[in-house]
Structure formats: C-alpha cells, structure tokens
Undergrad: 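Sharing a structure below in structure tokens format, with a few things to ask.
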2 protein chains.
Amino acid sequence: MFVHTVFFWLRHPESQDDHQALRAGLETLKSITDISTAYVGTPAETRRPVIDHSYDFSLTLVFADKAAHDVYQEHPIHLAFVANCAHLWERVQIYDAVG
Amino acid sequence: MFVHTVFFWLRHPESQDDHQALRAGLETLKSITDISTAYVGTPAETRRPVIDHSYDFSLTLVFADKAAHDVYQEHPIHLAFVANCAHLWERVQIYDAVG
C-alpha cells in the first residue's frame, strides 16, 4: 500500500474560477486506473491547534504499491493536470507513505 | 466523505521500542467500526523538495461523514490510544478534509 497525500494552496484563493479550475483538474486524475482509490477534499470545519486548515484542496491517492504510484507520476493525464493547473497554486505539500 | 490524516513525529525516533509501541497503538484504531478505511504508514523513499518525509508514522482514516469522525474522536479505543501513546510523540500534524 502506498498513500500519496497532497495539499494545495491556491495563488488566488479569492478566485472562485481558480477553485473550480483546480477542482476540475483534480477530478480528471480519478480516471487514472493505476490509482486504487482517490479522494479530493477541502478543509473540514474541525478546529484545533494541531489541525492545519489553511490549504484549499487536498488529494489523497491510494496505490497498491510504489510501482503503481510511479506509473501515475508519469501518466499523461497527470502530466496534463500539472501542465494545465500548476499556475493555479502557490504551494503544494506532499506526504508519501508506505504501509 | 471525511478524510482525517495525521502525521506523527516521535520524541525519540532513535528508539525501536517507541516505533513498535506507536505502531501497535495505531493498529488498535483499525478495530473502530466507525472508520470506513484505515491506513497506517511510514515515509516512502520518494524525495523531492515538496515532499515532507521527516515524520515517523502516518495515519489516514476515511469516514463516511463528519458524524462518523466525531464518534471516532470520542471512541474509548481512540481515547485509550491517546492516553497510552501521547508520551511517544513530540508533534502531530493533522489535516481534515471533506469531499
């Protein structure tokens, strides 16, 4: 099992167009069959000092193994997402975990 | 859908006993039936500037909704985990997402 978690901070979080464009881009990733399970989210209403709710979108992708993740990284749909959407975000934070 | 992601940094990462104790504690959470899917992980070997691989353990819990997450937070097994294991970690970082 390989869990790839990404948090995105928009360059213009005040822009609803940018929110919609990034969400649409993230949704395209779900068609990549190398992904076992995909979750696209936005910050929940939970508030505690240990909770970071400052991001705009989250992406949690579960893969069978690192090999499947590596195929995803080079998949044309993923590369198109980065090419089309990278201008929308100011920062991404990634955590990769194996279990 | 509600995704609760937690990263743990051990107080004594050099202690294999502490690694084993935290892993064992995290595994107990999987028996909480309010959780739809649970993943316990450790940092993958991926290395890029945007990847944080400094943590010791990750926990990704998927719930049907925030209500299920709220039940989990007060579940006796979760409370016992915190009581038994909180001394093991120096820091936790949580991200909660709804989708």
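Quick note on labels: first sequence line is chain A, next is B, and so on, each numbered from 1. All of these numbers come straight from a predicted model, not from anything done at the bench. The figures that follow rest on heavy atoms only: side chains count, while hydrogens, waters and symmetry mates do not.
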Undergrad: Checking B:Phe2 against chain A: side chain, backbone, both or neither under 4.5 Å from a heavy atom?
TA: side chain
Undergrad: Which heavy atom of B:Val82 sits nearest a heavy atom of B:Trp89, and at what distance?
TA: CA-CH2, 4.5 Å
Undergrad: Select one option (side chain, backbone, both, neither) describing which atoms of B:Ser58 are under 4.5 Å from chain A's heavy atoms.
TA: side chain
Undergrad: Does A:Glu45, at its CD atom, have more than 12 non-hydrogen atoms belonging to other residues, nucleotides or ligands within less than 6.0 Å?
TA: no
Undergrad: Testing the 3.5 Å rule here: is there a donor-acceptor pair between the side chains of A:His69 and A:Gln73?
TA: yes
Undergrad: Let me know if B:Val6 has heavy atoms under 4.5 Å from chain A in its side chain, its backbone, both or neither.
TA: neither
Undergrad: For chain B, which candidate among A:Thr37, A:Thr46, A:Thr42 shows the most heavy-atom pairs at distances under 4.5 Å?
TA: A:Thr42
Undergrad: side-chain contact (heavy atoms from CB on, under 4.5 Å) with B:Glu27: which residues, sequence neighbours excluded?
TA: B:Arg23, B:Lys30, B:Val40
Undergrad: For a quick test of reading the model, state the closest non-hydrogen atom pair linking A:Val98 to B:Ala44 and the distance between them.
TA: CG1-CB, 3.9 Å
Undergrad: Can you label the angle between the A:Tyr72 ring and the A:Phe63 ring as parallel, tilted or perpendicular, going by 30° and 60°?
TA: tilted
Undergrad: Do you know which of B:Tyr55, B:Tyr39, B:Phe7, B:Tyr95 has the most heavy-atom pairs under 4.5 Å to chain A?
TA: B:Tyr95
Undergrad: Examine whether an atom of B:Arg48 lies under 4.5 Å from a heavy atom of chain A, and if so say whether it belongs to the side chain, the backbone or both; otherwise answer neither.
TA: side chain
Undergrad: Of all of A:Thr5, A:Asp52, A:Val62, which one pairs up most often with chain B through heavy atoms under 4.5 Å apart?
TA: A:Asp52
Undergrad: Does any heavy atom of chain B fall under 4.5 Å from the side chain of A:Phe57, the backbone, both, or neither of them?
TA: neither
